[in-house]
Amino acid sequence: MQQDTQTMRNNDGLFAVGSPVTHWSVQTSNPVQYEIRACENLLDPENSTILEDASGSSGQRRFIVTDGVVDSLYGDRVRAYFDHHGVEHRVLVLNDGETHKSMNAVLQVTEALDAFGIDRRREPVIAIGGGVLMDIVGFAASLYRRSTPFIRIPTTLIGLVDAGVGAKTGVNHNGHKNRLGTYFPADRTLLDRSFLATLDARHISNGLAEILKIALIKDARLFDLLEQHGADLLRNKLQSPADVGPTPADVPVDQRLAARGLHLDPATEVVERAIQGMLEELQPNLWEKVLERVVDYGHTFSPTIEMHALPALLHGEAVAVDMALTTVMAERRGLVSSYQRDRVLEVMARLGLPVWHPLCTPEVLGDALRDTVRHRDGKQRLPLPVGIGSALFVNDVTDGELAAAAESLAALGSGVSR
Ligand SMILES: NC(=O)c1ccc[n+]([C@@H]2O[C@H](COP(=O)([O-])OP(=O)(O)OC[C@H]3O[C@@H](n4cnc5c(N)ncnc54)[C@H](O)[C@@H]3O)[C@@H](O)[C@H]2O)c1
Ligand SMILES: O=C(CO)[C@@H](O)[C@H](O)[C@H](O)[C@H](O)COP(=O)(O)O
Ligand SMILES: [Zn+2]
C-alpha cells in the first residue's frame, strides 16, 4: 500500500485510488501473435495444413465461408477435402463482390454460425475467398461471442498480399468504405498462390496495385521488379516461374535466375517483398494508434472514388488512380522528378491499371480529403512519394493544388494507355 498517494495495489496490478475521488484503473495487455504461411496444394486431401491447429486441440467440425464464384471453382474440392478428413462441415456461400460487403453479409454469417454451432475456441471459422469475403468473415468472427478464432485462405492477389496479412476487418456502411470494422487478425493465413491461376487479368492487376503501393513508398527494388517483370507477372498470373530467361531446358531454373542476378523467381520475390514490406509497417502499429501510415498511400482519395464509382472501379483500381494523382502532386512539389513520375505512370499502365478516372473532379477530391482528415484525427497526414521507394507526410494540400494536379493528370493520363 502506498499511503502517501492513497493508492493500493493488489496482486493483479489493479489500482484503487482514495479520496477525493475513488476510482480504479485497470491495466492489462493482450499479446497478439498470428501466422502467415506460404503453402502449396492446400486443397490436396493428403495435405493436412488447413486442419492443423496452432493450439494443437483441433475440434472435429468446421464452418467454412466462401463466395459464389470461389465456390463454383473450388467448392467441390473444399467439400471433398473435409469429407476425406472425416470432418463434419458446413459451407456458407455468400454473394461475391464489393457491393455485398455489408452488415447484412456479416449477420448472414453469424446466423449461419448459430445454426451450425461450433466449439468456441477449438473450431476456427475458415474464410476462403478474396479481400471482400475475408473482411466480412473476419468482422463476423470478431463479433461472434465477442471473438471466435478464424483462418484465412486468400484466393485473390489482394487477399494474398494485403487483406489476408493484416489485422483489419470491416464492411462498407452508410455509403462509406470500411466504415464499420474491427482489428481482429486471423490466427493463421495460408497462402497458396495457385488459386490465382483462375483469376481474370483485371483482378491480377487489382492486386498488383497494392504491391505497387508498397514499392512506391518503401521498396525501390520491388518497383524495379514490377517495371521489368510486371507484364509477365500479369500474363502468368504470378504462377512461378515467370520469365526466367530463354530456355535451354537443361539449365536449371535457379541457375538461369542466378545468371540474371535473381535468387527467387520474380513472382515469388514480388509477393514476398510485398508481404514483408506490409508487415514491417503493420507490426509496430497494428492498432493504428499512429495515424501517419505510409501504407495509407493510395488510400486518401480512393475510398470516396471507389464508393462513388461502385461497382465500376475495383479497389486496387481506385488505389491506382489515387497513386497516379499523388505522384503528379509530388512531381509538382519537386519531390519526384518528371522522369520518375512518367516511369510510375508507365508501370501502372503496364500492370493494366487505370491512371485517371472522370471522378477526379475538384469537388469529389475535396470531399474525399475532408472525409480523410476526419479519419486521420483532424490532419491530412497525406503520404506523398519522395523519388521512388520513399515517402513523407504533408498537411498543407489546398483545393487549388488538388484541382491543378487533377488537371495535369487528365492531360498525362490520356497519353498513357493500358
Ligand atoms: N482488411 C484489409 O486490410 C484489406 C486490405 C486490402 C484490401 N481490403 C479489401 O479487400 C477488398 C478487395 O479484395 P479483392 O479484390 O480480393 O475482392 P473480392 O473478394 O471481391 O474478389 C474479387 C473477385 O474475384 C473472385 N474470386 C476470388 N478468388 C478467385 C479465384 N481464385 N479465381 C477466380 N475468381 C476469384 C471473387 O468472387 C470476386 O468476384 C476491398 O473491399 C478492400 O477494401 C482489405
Ligand atoms: O485497403 C486497405 C489496405 O490496402 C485497407 O486495409 C484500408 O482500407 C487502408 O489501410 C486504408 O488506408 C485505411 O482505411 P480504413 O480501413 O482505416 O478505413
Ligand atoms: Zn487497399
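Hydrogens, waters and symmetry mates play no part in the numbers below; they use all other heavy atoms, side chains included.
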Colleague: For Ser194, does its backbone N or O pair with a side-chain atom of Asp192 as donor and acceptor, under 3.5 Å?
Modeller: yes

Colleague: If only atom types and distance count, is the side chain of Asn47 paired as donor or acceptor with the main-chain N or O of Glu40 below 3.5 Å?
Modeller: yes

Colleague: Can you name the one residue among His299, Lys101, Lys168 that meets side-chain hydrogen bond (donor to acceptor under 3.5 Å, both in side chains) with Asn178?
Modeller: Lys101

Colleague: Looking at side-chain heavy atoms only, is the closest gap between Val70 and Phe195 below 4.5 Å?
Modeller: no

Colleague: Taking all heavy atoms of Gly298 and all of Met323, pick out the closest pair and write down the distance.
Modeller: CA-CG, 3.7 Å

Colleague: Is any side-chain heavy atom of Met307 less than 4.5 Å from a side-chain heavy atom of Asn172?
Modeller: yes

Colleague: Under a 4.5 Å cut-off applied to non-hydrogen side-chain atoms, are Asn285 and Arg293 in contact?
Modeller: yes

Colleague: What class does the angle between the rings of His89 and Phe82 fall in, given that below 30° is parallel, 30 to 60° is tilted and above 60° is perpendicular?
Modeller: tilted

Colleague: Does the Asp119 side chain pair with the main chain of Arg121, one donor and one acceptor, at a distance under 3.5 Å?
Modeller: no

Colleague: Donor-acceptor check, side chain of Thr169 to backbone of Thr182, threshold 3.5 angstrom: yes or no?
Modeller: yes

Colleague: So which atom in Cys360 and which in Val321 form the shortest heavy-atom distance, rounded to 0.1 Å?
Modeller: SG-CG1, 3.5 Å

Colleague: With side chains defined as the heavy atoms from C-beta onward, is the minimum distance between Thr326 and Thr300 less than 4.5 Å?
Modeller: no

Colleague: Can you tell me if Asp67 uses its side chain to pair, donor with acceptor, with the backbone of Asp96 under 3.5 Å?
Modeller: no

Colleague: Taking the side chain from Thr66 and the backbone from Val93, do they hold a donor-acceptor pair closer than 3.5 Å?
Modeller: no

Colleague: Do Leu190 and Ile50 have side-chain heavy atoms sitting under 4.5 Å apart?
Modeller: yes

Colleague: Would Tyr34 and Arg152 count as a side chain to side chain contact (heavy atoms under 4.5 Å, CB included) here? Give the steps.
Modeller: CA-CA 11 Å; Tyr34 62 94; Arg152 293 179 288 213; 4.2 Å; yes

Colleague: Salt bridge (charged side-chain N to carboxylate O under 4.0 Å, His left out), that's the test. Do Asp232 and Arg235 meet it? Break it down for me.
Modeller: CA-CA 5 Å; Asp232 286 333; Arg235 199 172 33 250; 2.2 Å; yes

Colleague: Can you check whether Glu292 reaches Pro383 side chain to side chain, under 4.5 Å on heavy atoms?
Modeller: no

Colleague: Main chain of Leu199, side chain of Lys237: is a donor-acceptor contact present, judged purely on distance under 3.5 Å?
Modeller: yes

Colleague: Has Arg61 got a side-chain atom pairing as donor or acceptor with Phe116's backbone, closer than 3.5 angstrom?
Modeller: yes

Colleague: At their closest point, which heavy atom of Ser102 faces which heavy atom of Val171, and how far apart are they?
Modeller: O-CG1, 3.6 Å

